[in-house]
Amino acid sequence: MSDMLDRIRGALVGLKMPRALEALDHTLQQLEKGEVTAIEAINTLLSEEYATRETRRIDVALRTAKLLPAKTLESFDFSFQPSLDRERIAALAQLDFIRRAEVVHFLGPCDPAS
């Protein structure tokens, strides 16, 4: 069994699958405990690797495109614009107005620099 695990680890290294290699021991423990089936274990390893590669690919694409980092409400500096009501913005972010079929108007000067 140990030789086979060494070959699997070697194959994962050779195939450049570091995330699957990291998840291997935990996945094997789940398999031994009967928490997952063999096909679920394989799926877990491949899904972990795929997700890692997709995240890396998107990060590289964003850096290459020289796009600014995504802005979120959590990172918004409300002290920069004190006239904004934080609670009202948070309520709008819940999108309940869509379910209620209400119209929302945003009024104010546009800022072409942002």
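These numbers come from a predicted model, not from an experiment.
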>> I'd like to check the side-chain hydrogen bond (donor to acceptor under 3.5 Å, both in side chains) partners of Arg99; sequence neighbours left out, ordered by chain and number.
In response: none

>> Which residues pass the side-chain hydrogen bond (donor to acceptor under 3.5 Å, both in side chains) test with Arg56, not counting sequence neighbours?
In response: none

> Who else is in Val36's hydrophobic cluster (ILVMFWY, side-chain heavy atoms under 4.5 Å, direct or via others)?
Replying inline: Met4, Leu5, Ile8, Leu12, Val13, Leu15, Met17, Leu21, Leu24, Leu28, Leu31, Ile42, Leu45, Leu46

> Going by side-chain heavy atoms closer than 4.5 Å, which hydrophobic residues are tied to Val60, directly or by a chain of links?
Replying inline: none

Partners of [X] by salt bridge (charged side-chain N to carboxylate O under 4.0 Å, His left out), sequence neighbours excluded?
{"X": "Arg7", "result": "none"}
{"X": "Arg9", "result": "Asp25"}
{"X": "Glu32", "result": "none"}
{"X": "Glu22", "result": "Arg19"}

> Would a distance-only check, ignoring hydrogens and angles, find a side-chain to backbone donor-acceptor pair under 3.5 Å from Ser75 to Lys71?
Replying inline: no

>> Do His26 and Gln29 have side chains that approach each other closer than 4.5 Å (heavy atoms only, starting at C-beta)?
In response: yes

> Would you say Ile98 and Phe106 are hydrophobically clustered, going by side-chain heavy atoms of ILVMFWY under 4.5 Å?
Replying inline: yes

>> Which residues pass the ring pair (Phe, Tyr, Trp, His ring centres under 6.0 Å) test with Phe76, not counting sequence neighbours?
In response: Phe78

> For Tyr50, what residues pass the ring pair (Phe, Tyr, Trp, His ring centres under 6.0 Å) criterion, not counting sequence neighbours?
Replying inline: none

> Considering all heavy atoms of both residues, which atom of Glu49 and which atom of Ala20 are nearest to each other, and what is their separation?
Replying inline: OE1-N, 2.9 Å

>> Can you list everything that forms a side chain to side chain contact (heavy atoms under 4.5 Å, CB included) with Glu102? Sequence neighbours excluded, please.
In response: Phe97, Arg100

> Can you list the residues that meet the side chain to side chain contact (heavy atoms under 4.5 Å, CB included) rule with Ser47, with sequence neighbours excluded?
Replying inline: Asn43

> Do other residues, nucleotides or ligands put more than 12 heavy atoms under 6.0 Å from the CD1 atom of Ile39?
Replying inline: no

>> Pair Arg53, Arg57 - check side-chain contact (heavy atoms from CB on, under 4.5 Å), show working.
In response: CA-CA 6 Å; Arg53 288 181 184 206; Arg57 182 188 67 77; over 6 Å; no

> Does a donor on one side chain sit under 3.5 Å from an acceptor on the other, for Gln81 and Ser83?
Replying inline: yes

